[in-house]
Structures are given as structure tokens and as C-alpha cells.
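Accompanying notes for the structure given below.
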Amino acid sequence: MSYQIPQMFSSFQDVIDQEQIIRESVKSSVQNLEQTSRTILALIQTIHQENGVKTAKEVAQKAREMFTTVRKYYEELASKIPSEQYYKYHDHWRFVTQRICFLAAFTTFIQDGRLISKSEVAEMLNVKSERTKDSFHLDLEDYLMGVLQMASELSRFAVNSVTAGDYETPCKISNFMSELDGGFRLLNLKNDSLRKKFDGLKYDIRKVEEVVYDIRIRNLSTKK
């Protein structure tokens, strides 16, 4: 019996070693994703400058074009995850995926004035939209967290739009965020981090509403 114990634990070490190899390989792909997302974010941040507000759509288009690189790294990452082990390694790319969802959502609003769907984001990343047995997919929580991050960025953009002399965009953002809030209120959120992030949405909405109120009280907007 005593001879079986070393053999048993030796086999455990083989499993541990193999998992470590996978984790290191995944880490490499995630680092590439993080670097690319930081580059896109740096580009997006220029929108908040006075000249950037005026050329926001052009900046957003350049950012979207950079998603071809993002797709490549997700394809690489997906190839490294063993079948049915997505959630075993999910924490490695959870936060960068949330950031990338935010970037996709923000650029889409800037260009089209609408909320990008989960399936559209998945298509941009070249991953599955829905969870299946063997798929590398876009987790719903990651998408929702990204959308909420977008809301925070939009509240900032509303303020900077006024500074740049654009009084219509804050009104559009206000209407959009009110609809977004209504959508989230349809959900019975159980996840603590997602619930906490959603709780912060009301402050972003209030910030934008104050901007819009100031615009209207000064009769700066053509829209009532």
C-alpha cells in the first residue's frame, strides 16, 4: 500500500505540470491582449481633448480597425484552452475582456449612437456569443461589465463635449444612459461585483443630467 502513494502523487505532479504549462501559455496571449487594449484605450482617450471631441467618429473608426489585432490574439488564446475547461482558466482573461467590451461599446456609441449587442462584440473578437460545450465564448458578465464601464466613460465625454462647444451630444448621452439604466433594472443581478458596478451607474447618470440641465437652463441646446 505504501508503494502506491508515491506513484499516486507522482501522477498528480504530472497533472500540475501540464496545467502550469497551459497557464503560462495563456498568460502570454493575455499579455498581448492587455497591451493591445491599452493601445486602443490610449487612442480613445484623445476623444476627450477639445480637438478630439470634434473628430470623435474618426478616432472611433481608427480604434475599431485595431480590433483585427484583438481578434488574432483571441484566436490564439482559444486554441490553448482544452475542451470544456473555459471557466478553469477564465480568470486570466476576464478583466481584459471586460475592458475590450467597453472599448467596443464606446466606439460603437460614438459612431452609431447605440448599444452594441453581445453577439456583435463576440463577432468582433471572433469568439462564440453563447456558451456551448466546447466553445470559447464571450461571458455575459464580461459583456455587462464592459457596458457599465462605457457608461462611466460617456459621462466624462458629456462634460468634455460641452467644454468643446458641443451641446447636443450630452443630451443624446443622457437619453441613452436612461434607457441603459432601464435595461439593467430588468435584471435580477446576483453577482456582487456586477451589482456594485451597476449601483455606480446612477452617479454617472446624475453627472450627465446635471450637464444637460445646465445646457438647457442656459438655452445652449436647440433640442428641448
Side-chain angles (χ1 to χ4, degrees), residues 14-45 60 62-111 115-154 180 183-184 187 189-201:
D14 291 340
V15 173
I16 291 171
D17 289 342
Q18 184 60 37
E19 288 184 352
Q20 186 60 31
I21 290 172
I22 294 174
R23 291 184 190 280
E24 290 300 320
S25 182
V26 165
K27 184 178 178 180
S28 175
S29 294
V30 170
Q31 286 175 338
N32 289 330
L33 274 173
E34 289 175 341
Q35 180 58 51
T36 303
S37 72
R38 285 194 292 268
T39 301
I40 298 174
L41 180 60
L43 175 60
I44 286 296
Q45 292 302 307
K62 290 179 182 179
R64 287 178 71 88
E65 289 169 0
M66 296 173 70
F67 271 78
T68 56
T69 304
V70 172
R71 287 170 61 90
K72 180 183 74 173
Y73 288 132
Y74 271 104
E75 290 171 6
E76 180 183 284
L77 182 60
S79 70
K80 296 177 178 181
I81 306 303
S83 177
E84 300 184 48
Q85 294 189 30
Y86 175 91
Y87 281 105
K88 184 173 184 177
Y89 300 98
H90 178 230
D91 278 346
H92 288 278
W93 61 83
R94 177 193 302 274
F95 296 111
V96 69
T97 297
Q98 292 172 5
R99 177 190 288 174
I100 288 171
C101 286
F102 142 59
L103 294 170
F106 187 74
T107 55
T108 297
F109 178 83
I110 294 299
Q111 289 186 298
L115 175 64
I116 192 171
S117 68
K118 179 170 175 281
S119 61
E120 286 178 293
V121 177
E123 185 176 350
M124 288 178 70
L125 308 188
N126 198 27
V127 301
K128 299 294 184 181
S129 177
E130 302 300 333
R131 179 180 180 181
T132 61
K133 185 177 181 181
D134 298 320
S135 72
F136 190 101
H137 63 282
L138 176 59
D139 183 72
L140 176 59
E141 180 185 324
D142 292 343
Y143 166 74
L144 293 175
M145 288 290 281
V147 169
L148 289 169
Q149 288 179 35
M150 171 201 62
S152 296
E153 197 76 7
L154 283 177
L180 192 63
F184 270 95
L187 305 177
L189 299 175
K190 300 294 186 180
N191 180 281
D192 288 342
S193 59
L194 187 57
R195 178 72 201 186
K196 184 180 295 185
K197 190 69 176 177
F198 169 63
D199 287 343
L201 180 60

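Position 1 is the first residue of the sequence, and the numbers go up from there.
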Item to check | Residues forming a salt bridge (Lys or Arg N to Asp or Glu O under 4.0 Å) with Glu65, sequence neighbours excluded | outcome: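 None.
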If you round to the nearest 0.5 Å, how far is [atom2] of [Y] from [atom1] of [X]?
X      : Y      : atom1 : atom2 : result
Leu201 : Met150 : CG    : CE    : 9.0 Å
Phe109 : Leu115 : CZ    : CG    : 10.0 Å
Phe67  : Ser37  : CZ    : OG    : 9.0 Å
Glu141 : Ser193 : CD    : OG    : 4.5 Å
Thr68  : Met124 : OG1   : CE    : 10.0 Å
Leu125 : Tyr74  : CG    : OH    : 5.0 Å

Does the side chain of [X] reach to within under 4.5 Å of the side chain of [Y], using non-hydrogen atoms?
X      : Y      : value
Tyr73  : Trp93  : no
Leu41  : Leu103 : yes
Glu34  : Val30  : yes
Glu75  : Val127 : no
Thr97  : His90  : no
Thr108 : Glu120 : no
Met66  : Leu43  : yes
Leu144 : Leu187 : yes

Item to check | Verdict with reasoning, Tyr89 to His92, per side chain to side chain contact (heavy atoms under 4.5 Å, CB included) | outcome: CA-CA 6 Å; Tyr89 300 98; His92 288 278; 4.1 Å; yes
Checklist entry - Quick one: does Ser25's side chain have a donor or acceptor within less than 3.5 Å of a partner on Ile21's backbone? => result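 No; judged by distance alone, with no hydrogens or angles, the pair does not exist.
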Checklist entry - Counting N and O atoms only, with roles assigned by atom type, does the side chain of Lys118 sit under 3.5 Å from a partner on the main chain of Tyr143, one being a donor and the other an acceptor? => result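 Answer holds: no.
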Heavy atoms only: give me the nearest [X]-[Y] pair and the separation to one decimal.
X      : Y      : value
Glu130 : His137 : O-CB, 3.6 Å
Ile116 : Ala105 : CG2-CA, 3.6 Å
Ser152 : Lys197 : OG-NZ, 4.5 Å
Gly146 : Cys101 : CA-CB, 4.0 Å

Next on the checklist: With side chain to side chain contact (heavy atoms under 4.5 Å, CB included) as the criterion, how do Val147 and Phe102 come out once you've worked through the C-alpha distance, each side chain's angles and the decisive distance to 0.1 Å?
Outcome noted: CA-CA 6 Å; Val147 169; Phe102 142 59; over 6 Å; no
Checklist entry - Do Lys88 and Glu19 meet the salt-bridge criterion of a basic N to acidic O distance under 4.0 Å? => result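 Salt bridge flag = yes for Lys88 with Glu19.
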Next on the checklist: One pair to check against side chain to side chain contact (heavy atoms under 4.5 Å, CB included): Met145 and Arg94. What are the steps and the verdict?
Outcome noted: CA-CA 10 Å; Met145 288 290 281; Arg94 177 193 302 274; over 6 Å; no
Next on the checklist: Please determine whether side-chain hydrogen bond (donor to acceptor under 3.5 Å, both in side chains) holds for the pair Gln35 and Gln31, giving the CA-CA distance in whole Å, both sets of side-chain angles, and the decisive distance to 0.1 Å.
Outcome noted: CA-CA 6 Å; Gln35 180 58 51; Gln31 286 175 338; over 6 Å; no
Next on the checklist: Working note: Glu153 + Gln45, criterion side-chain hydrogen bond (donor to acceptor under 3.5 Å, both in side chains); need CA distance, chi angles, decisive distance, verdict.
Outcome noted: CA-CA 9 Å; Glu153 197 76 7; Gln45 292 302 307; 3.0 Å; yes
Looking at [X], I'd like to know if its [atom1] atom is crowded, meaning that more than 12 non-hydrogen atoms belonging to other residues, nucleotides or ligands lie closer than 6.0 Å.
X      : atom1 : answer
Asp192 : CG    : no
Glu123 : CD    : no
Lys80  : NZ    : yes

Next on the checklist: My understanding is that only one of Ile100, Val70, Thr107, Thr69 makes a side-chain contact (heavy atoms from CB on, under 4.5 Å) with Ile40; could you say which?
Outcome noted: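 With Ile40 as partner, side-chain contact (heavy atoms from CB on, under 4.5 Å) holds for just one option, Val70.
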Checklist entry - Which is it for Asp139 and Tyr86 under the side-chain hydrogen bond (donor to acceptor under 3.5 Å, both in side chains) test, yes or no, and what are the steps along the way? => result CA-CA 10 Å; Asp139 183 72; Tyr86 175 91; 5.4 Å; no
Checklist entry - What residues form a side-chain hydrogen bond (donor to acceptor under 3.5 Å, both in side chains) with Ser119, not counting sequence neighbours? => result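 Ser117.
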Item to check | Full working for side chain to side chain contact (heavy atoms under 4.5 Å, CB included) between Leu138 and Ser129 | outcome: CA-CA 5 Å; Leu138 176 59; Ser129 177; 6.0 Å; no
